[in-house]
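Take a look at the structure below.
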Amino acid sequence: AKQIGVSNFSIKLMEKAQAYSRNKIAANQVEYNFLRGEPEEGFIDYCRKKGITLIAYSPLGEGILGQKGAGIEILDMLAGKYKKTPAQIALNWLISQENVITIPKTTNLEHMKENLGALGWKLERKDFHLLAEYHKTYWTFRDFLGRQFDRTSTLIADNFPQAKKLKRIYDKIKRRF
């Protein structure tokens, strides 16, 4: 083998594996999507610097992003603007990132056609950055609260209207993972 593909390797594990092989790690398949943060801090930047392609499995959050009425307003808003579905917006955001490809699961022809609708167009730069900032903010908020999120999210949501939306998204994610 001239190049190696790995799955769910952390930065430390990739470095260790690379030290034992003359062949370059070319790809790392990890769960990554609009609803799930980087596998670890600095992971995507590390892969870019090393020329490692990130293969995003579950790019639609195990189907959550493909559901009608998932309630993620930013995706709904951009779907209207681009005349695409929220799933197509989420997939396009992923494949617009350097060194990221997706492997969405599809169970029928209609889903496959919808997934293919993420190709052949690009998000405007400002919209790409808007999604990236939302994604980063969401994960920073979630990580900051950590395990306390479950206990405190109800209190926060009751007192801050914007947090209610975030809590609904978090609850949907929590049920899936």
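Note that this is a predicted model, so its numbers are computed, not measured.
- In this structure the side chain of W93 never reaches within 4.5 angstrom of the side chain of L75, judged on heavy atoms.
- Within the 4.5 Å cutoff, side-chain heavy atoms of M14 are placed close to those of N28.
- Aromatic ring centres of Y32 and Y57 lie farther apart than the 6.0 Å criterion allows.
- By the neighbour-count criterion of 12 heavy atoms within 6.0 Å, atom NZ of K122 is sparsely surrounded, having that number or fewer from other residues, nucleotides or ligands.
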Can K105 and E62 be said to form a salt bridge (charged side-chain N to carboxylate O under 4.0 Å, His left out), step by step? CA-CA 8 Å; K105 175 184 175 184; E62 295 188 10; over 6 Å; no
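- With contacts defined as side-chain heavy-atom distances shorter than 4.5 Å, the pair N115/L60 qualifies.
- With a 6.0 Å radius and a threshold of 12 heavy atoms from other residues, nucleotides or ligands, K16 has its NZ atom at or below the threshold.
- A donor-acceptor distance shorter than 3.5 angstrom exists from the side chain of Q88 to the backbone of T85, with no hydrogens or angles considered.
- Taken from CD in Q29 to OG1 in T53, the straight-line distance is 12.0 Å, to the nearest 0.5 Å.
- In terms of heavy atoms, L130 sits closest to M77 at CD2-CE, 3.9 Å.
- The closest side-chain heavy-atom distance from V30 to F9 is not below 4.5 Å.
- Side-chain contact between C47 and N99 is absent, with no heavy atoms from C-beta onward closer than 4.5 Å.
- Residue E41 places its CD atom among 12 or fewer non-hydrogen atoms of other residues, nucleotides or ligands, all under 6.0 Å distant.
- Contact of the I89 side chain with the L131 side chain is registered, since non-hydrogen atoms from C-beta on lie closer than 4.5 Å.
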